[in-house]
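Data first, discussion second: the structure below is written as structure tokens.
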Amino acid sequence: MKANEAETILSARLEQGQVVFSLKDLRSLFPERSEKTFTEGIRRLTRMGILTRAARGVYVNSKKKNGFWRLEEVASCLRQGHLNYVSLEFALSEFGAISQVPLGMVTVMTTGRRGLFRTIYGFVEFTHTARSKEDILAATLVDDYYNRPLRLARLETALRDLRRVGRNVYMVDMEEYQDILDEQLADIKEMA
């Protein structure tokens with residue numbers, strides 16, 4: 001594949017909002033290439049700085065390499081086809097129920113396999129959940145305002161997940177947790 005052709009295709013995807021690609025995504029953009037030509041083309045695009053390898057099998061368009069949600073976009077790409085949501089320590093920290101802020105890491109519940117991945121943006125820890133799609137959708141939030149790529153566990157869901165995993169429960173400030181929960185319930189009553 002020619003670099004200028006690839007740049008044109010990737011620029012069109014960038015305009016549509018796609019920055020992060022799995023190898024499968026990239027393969028669908030260049031279907032007419034043989035496997036060898038495709039593999040060599042990806043290596044060449046990476047060497048030229050058109051693509052950046054974020055993790056094994058995940059690439060980022062170098063024109064838009066940095067972004068606020070990039071680690072979550074990479075996480076979503078690593079577990080494509082599965083339901084994923086931010087939970088555990090990361091979500092509890094966002095709500096303020098844990099005073100420590102996990103830096104360079106996001107904790108994600110997934111219907112896919114568990115695993116820990118090192119990316120150029122930080123670590124992604126996947127923890128498997130066997131909950132149904134309906135349960136997950138009811139127990140998580142979508143952040144359309146900030147255009148967040150992954151769903152976010154509700155406060156009580158994040159604590160439930162942390163207890164199920166059986167780690168770092170001691171980090172949760174239960175008084176703060178209850179205050180936040182009471183605030184959320186008051187907001188819901190106010191909106192009704």
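These values consider heavy atoms only, across backbone and side chains, with no hydrogens, waters or symmetry-generated copies.
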Check the pair T127, T107 against side-chain contact (heavy atoms from CB on, under 4.5 Å), reporting the backbone distance first and the verdict last.
CA-CA 8 Å; T127 302; T107 51; over 6 Å; no
Okay, side chain of [X], backbone of [Y]: is any donor-acceptor separation there less than 3.5 Å?
{"X": "D143", "Y": "L152", "answer": "no"}
{"X": "S87", "Y": "A153", "answer": "no"}
{"X": "R70", "Y": "K64", "answer": "yes"}
{"X": "R163", "Y": "V169", "answer": "no"}
{"X": "T157", "Y": "A139", "answer": "yes"}
{"X": "D144", "Y": "V142", "answer": "no"}
{"X": "S93", "Y": "E89", "answer": "no"}

So how far is it from [X] [atom1] to [Y] [atom2], rounded to the nearest 0.5 Å?
{"X": "T37", "Y": "E40", "atom1": "OG1", "atom2": "CD", "answer": "8.5 Å"}
{"X": "L78", "Y": "T110", "atom1": "CG", "atom2": "OG1", "answer": "10.0 Å"}
{"X": "I50", "Y": "E7", "atom1": "CD1", "atom2": "CD", "answer": "4.0 Å"}
{"X": "E183", "Y": "E190", "atom1": "CD", "atom2": "CD", "answer": "11.0 Å"}
{"X": "R43", "Y": "T46", "atom1": "CZ", "atom2": "OG1", "answer": "9.5 Å"}
{"X": "I42", "Y": "Y59", "atom1": "CD1", "atom2": "OH", "answer": "6.5 Å"}

Criterion side-chain contact (heavy atoms from CB on, under 4.5 Å) on M109 and R164, from CA distance to verdict
CA-CA 12 Å; M109 298 297 289; R164 186 183 67 78; 3.0 Å; yes
side-chain contact (heavy atoms from CB on, under 4.5 Å) between R79 and T111, intermediate numbers included:
CA-CA 9 Å; R79 287 292 182 265; T111 56; over 6 Å; no
I need the minimum non-hydrogen distance between [X] and [Y], along with the two atoms involved.
{"X": "E176", "Y": "G96", "answer": "CG-O, 3.2 Å"}
{"X": "Y85", "Y": "R160", "answer": "OH-NH2, 3.7 Å"}
{"X": "R53", "Y": "I120", "answer": "O-CG2, 3.6 Å"}
{"X": "P149", "Y": "W69", "answer": "CD-CB, 3.4 Å"}

Qualifying side chain to side chain donor-acceptor pair (under 3.5 Å) pairs with a residue from residues 10-28, counting only residues at least two apart or across chains:
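Sorted pair list: S11-K63, R13-Q18, S22-D25, S22-Q80, D25-Q80, R27-E35.
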For E175, does the CD atom sit with more than 12 other heavy atoms under 6.0 Å from it, leaving out its own atoms?
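Counting other residues, nucleotides and ligands, CD of E175 stays at 12 neighbours or fewer.
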Are more than 12 heavy atoms from other residues, nucleotides or ligands located less than 6.0 Å from atom CZ of R167?
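For R167, atom CZ is crowded (more than 12 foreign heavy atoms under 6.0 Å).
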With side chains defined as the heavy atoms from C-beta onward, is the minimum distance between D161 and T129 less than 4.5 Å?
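No - every pair of side-chain heavy atoms lies 4.5 Å or more apart.
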Any side-chain heavy-atom pair of L150 and V106 under 4.5 Å:
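In short, these two side chains do not touch, never coming nearer than 4.5 Å.
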Shared ILVMFWY cluster between [X] and [Y], side chains joined below 4.5 angstrom?
{"X": "V58", "Y": "L10", "value": "no"}
{"X": "V74", "Y": "L14", "value": "yes"}
{"X": "Y146", "Y": "F68", "value": "yes"}
{"X": "M171", "Y": "M174", "value": "yes"}
{"X": "I136", "Y": "V86", "value": "yes"}

Which residues satisfy the salt bridge (Lys or Arg N to Asp or Glu O under 4.0 Å) test with E94, sequence neighbours excluded?
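E94 satisfies salt bridge (Lys or Arg N to Asp or Glu O under 4.0 Å) with R148 once adjacent residues are dropped.
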What verdict does the side-chain contact (heavy atoms from CB on, under 4.5 Å) test give for L92 and L155, after you've listed the backbone C-alpha separation in whole Å, the side-chain angles of each residue and the deciding distance to 0.1 Å?
CA-CA 7 Å; L92 288 164; L155 178 64; 3.9 Å; yes
Listed once per pair and sorted, the ring-ring contact (aromatic ring centres under 6.0 Å, His included) pairs that draw on residues 88-133, sequence neighbours left out:
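Output for this query lists F117-F126.
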